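Before any comments, here is the structure.
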Amino acid sequence: MPSIGLALSGGGFRATLYHLGVIRYLRDSGSLPLVADIAAVSGGSIVAAHLVLNWNRYNGSDSEFAEAAAEVVRFVQFDVRNHIVRRLPLLFPLRSAARLIGWPTARLAPNAILERHYRDFLYGDRRLFELPKSPGLHILATNVSDGVLSVFNRDGLHVQKRDLDGEDPFHHVPGWTAPIAKVVGASSAFPGFFPPVEITAADLGVREGRFPTESFTDGGVYDNLGIRAFRWLQQVRGSPLSRVFVSDAGKPFQILGDTSLGFFAQSIRATDILWDRVWQLERENFGDQNGFHFIPITTVVPPAEDPHALHPVLQAEVASIRTDLDRFSDLEVNTLVGHGYEVARSTHRRMAGASEETVHEGPVWLPLPTAAALVEAPGTGASVPAEPRTGTARTGGTDPRALLAASLRRSGQRKVWSTLLDFRDWPSWIYLALALVLLVWLPIRFWRIHHHEQMLTSVINSIAKGDPDIRLVLDLVENDPLRDWKPIAVSDSTDLDPAHVGDIEILSRSRIIDLRKTWVGQGAREGQGVVQMRDRLTVRVLEGAKDPSLTLQTANVVRELKYRQPQNQPPLTVRRGFEEANGERLARYSVSCDLSSVPRGVPVTIELATQARFPKLLPGRMPFLLDHPTDLLTVWMLFPEDHPYNTYKLLRHPRGEPDASEPLMARYTIDHPYGTLIGWSVITPDPGTVYECRWTND
């Protein structure tokens, strides 16, 4: 029986799919069972390893072949590249942390993710020694450490010698336990995107010292066609193969119309020219006269030769499809596989008497029958006449073949940004969250900070108006001024002390009403009826005072009051008495202060923080009852930024007579431009008078 060799070139997933079509034709023509050796590079090694591991299925029935091929197609459409790209930013901090603590970082490289996908989709945890004896698989990689060609097969690793003396130009390392997924990952580690794959003695299963750790990269760097392995096999075995099919999915050399290239573009262009020259030399060295029969992807099979072939306008675009490892569409899959099938058949016809197998005729095989209409649309194939056009030459519709050709032409462009995110893959949600933080949360946060700074500026400018109480407002806005204040114990009493001002002069009284946290105005908010207040009294004990005491009492019954005071002021005494109001048990409080120890005639400040829970608050109203004489009354109100006031007015009326309200003639008023602050001051206010602010909200 004649023995056949099969070389599968590199070229990413484009090569994988093209080779799949070639393999299907070899099976249909009866040549595939005769294949004795397979040499594969990069994208060719992906399908080659799966082929030999599933040899019986590929040579079995049509359904068995379709089932095996479907596993390759499913992997090609998995979007491997972008799965890796989406994880790269997450790997950088993990690798840095691993280096700091001395952990290995090999599992945190993009190659490790690629190997995991190979293992999960195609090969499992199979090792080199599990490869079949026939056909023999030879996976080519480039040894970066020595700059030579390396071959992985069932016998282990073969590294090309620099010194060509001897019968075997390769140095053999019996590394039988190397994972096939890792070996294919090394063969397809395209430089630039994937770093070189490090293979250790442990990977090969040899003792330390038998093999130093070396780096391997894409085999296409040294031999993208995979045909040099056959010269080595012939030299070692002494008996050549009857013929070798070379499935070449390499991209044709691109002619540039614009030669004005930058520094990096010049380097890439020089590399392209060098690789194209190496490819030409390989073709010249291993021509058809030496038993090598090339099946190039650039071939366009004319309709006169093969009526079942894809239309020439489609074939002309196949060779320009990208070589990425991203997701390939159904159109790209069927077109590449179908083109590989028809070019292999065309090569078989040209072989004349060099092949004993009969050319297999009939429609090309497509791996996605449900999507076959993408390449079998009316007028696509030469055997199917184009549908008659209606209308004039100007009004006729676009030929389906032109639309498909245009779609394939777009396939030559690398799909990076349009396919980068996939919300079926969890890292995409991380990047979406980061995008929301960067594009939504941070701008809002910066705006709020700016808004807050404007408010502070307004408050600080108010200080220049000469009101010392504004410092308290500034403290409330900036921080928590009550952090060091002590709570005041409350004692229950049946008889509360009445409001009383002894031999004391109250120079000023100020109150800050903080509605920012728990206030409810017009609209429902949690914590209804809760108000936080800050009172400040400046008093002076008169000379010869016999009663240096002060007692204040709440004007209304409340549900609860909590008091705090600074550490360094005269102690305050708080009592509470209960009474029934509207069927509810409510309380009234009195606050007393003994100023006996205070020097006579010296102003003293008394501060008090209160948290009051009222049974009910009238929307948009906040009254303040002044029940003692004072020289100056100042009131401040802080509103929530998300619930500012729109308009407001200041009123006064006698206690218990709200209908007798009249506008308040204040010493000054201050209002904030964003509706978060109101302040006013009255000189010599009238005791027993209610001073009230009424406001509206948007």
Side-chain angles (χ1 to χ4, degrees), residues 37-42 45 48-49 52-53 95 98-99 102-112 114-116 118-119 123-189 191 194-223 226 228-238:
D37 288 286
I38 302 174
V41 182
S42 193
S45 64
V52 300
L53 291 174
R95 282 206 301 267
R99 291 191 185 99
W103 285 4
T105 59
R107 293 180 179 272
L108 301 175
N111 309 79
L114 178 62
E115 292 167 21
R116 187 179 71 246
Y118 283 148
R119 185 171 57 252
Y123 316 127
D125 197 25
R126 309 287 287 276
R127 307 300 175 114
L128 287 180
F129 73 89
E130 298 180 73
L131 292 172
K133 291 184 178 180
S134 181
L137 175 62
H138 311 279
I139 300 177
L140 277 61
T142 302
N143 187 307
V144 179
S145 303
D146 297 334
V148 295
L149 181 67
S150 298
V151 180
F152 294 88
N153 58 22
R154 190 173 186 272
D155 296 329
L157 169 63
H158 305 265
V159 181
Q160 191 177 25
K161 300 176 183 177
R162 283 288 180 181
D163 185 2
L164 299 181
D165 294 339
E167 297 180 356
D168 190 348
F170 284 80
H171 171 68
H172 177 226
V173 180
W176 303 310
T177 61
I180 294 176
K182 191 177 188 71
V183 170
V184 175
S187 178
S188 56
F194 292 105
V197 176
E198 289 188 351
I199 294 183
T200 65
D203 293 327
L204 298 175
V206 299
R207 293 191 304 272
E208 293 292 338
R210 290 286 305 275
F211 179 78
T213 299
E214 294 189 352
S215 300
F216 297 82
T217 191
D218 195 319
V221 174
Y222 196 96
D223 176 14
R228 286 193 170 271
F230 289 105
R231 171 174 288 182
W232 165 60
L233 292 173
Q234 177 181 349
Q235 180 178 348
V236 173
R237 297 174 180 175

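Because the structure is predicted, anything quoted here is derived from the model rather than measured.
For His138, the side-chain hydrogen bond (donor to acceptor under 3.5 Å, both in side chains) partners at least two apart in sequence or on another chain are Asp37, Asn153. Here Thr142 pairs with Thr217, Val221, Tyr222 under the side-chain contact (heavy atoms from CB on, under 4.5 Å) rule; sequence neighbours left out. Residues forming a ring-ring contact (aromatic ring centres under 6.0 Å, His included) with Phe170 (at least two apart in sequence, or on another chain): Trp232. Taking Tyr118 as the reference, Phe75, Tyr123 meet the ring-ring contact (aromatic ring centres under 6.0 Å, His included) condition, with sequence neighbours excluded. Residues passing the side-chain hydrogen bond (donor to acceptor under 3.5 Å, both in side chains) test with Trp176: none are found, sequence neighbours excluded. Annotation: side-chain hydrogen bond (donor to acceptor under 3.5 Å, both in side chains) contacts of Arg126 (sequence neighbours excluded): Glu130. In this view, His172 and His158 satisfy the ring-ring contact (aromatic ring centres under 6.0 Å, His included) rule, not counting sequence neighbours. For Val183, the side-chain contact (heavy atoms from CB on, under 4.5 Å) test picks out Leu128, Ile139, Phe152, Ala178, with sequence neighbours left out. Under the side-chain hydrogen bond (donor to acceptor under 3.5 Å, both in side chains) criterion, Glu214 pairs with Asn143, not counting sequence neighbours. Every residue was checked against the salt bridge (Lys or Arg N to Asp or Glu O under 4.0 Å) condition with Arg119, not counting sequence neighbours, and none meets it.
Scanning all heavy atoms of the two residues, the minimum distance from Pro135 to Val52 falls at CG-CG1, 4.0 Å. When all heavy atoms of Arg127 and Thr177 are compared, the closest pair comes out as NH1-O, 2.8 Å. When every heavy atom of Ala186 is checked against every heavy atom of Val197, the shortest pair comes out as CA-CG2, 3.8 Å. Contact detail for Pro110 and Phe194: the closest heavy-atom pair is O-CE2, 4.0 Å.
Here the side chain of Asn111 pairs a donor or acceptor atom with the backbone of Pro195 at under 3.5 angstrom. The main-chain N or O of Ser145 is never found under 3.5 Å from a side-chain atom of Ser215 such that the two would form a donor-acceptor pair. A donor-acceptor pair under 3.5 Å is formed between the side chain of Ser187 and the backbone N or O of Ser42.
Rounded to the nearest 0.5 Å, atoms NZ (Lys182) and CD (Glu115) are 4.5 Å apart.
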Could you go through residues 202-212 and list every donor-acceptor pair under 3.5 Å that involves a side-chain atom there, pairing it with any protein atom two or more places apart or in another chain?
unit_1	atom_1	unit_2	atom_2	d
Asp203	OD2	Thr200	N	3.0
Asp203	OD2	Thr200	OG1	3.2

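Side-chain contact between Leu140 and Ser45 is absent, with no heavy atoms from C-beta onward closer than 4.5 Å. Proximity of Ile180 to Leu137: side-chain heavy atoms (C-beta onward) are nowhere separated by under 4.5 Å.
For the salt bridge (charged side-chain N to carboxylate O under 4.0 Å, His left out) condition, no pair includes a residue of residues 134-155, sequence neighbours left out.
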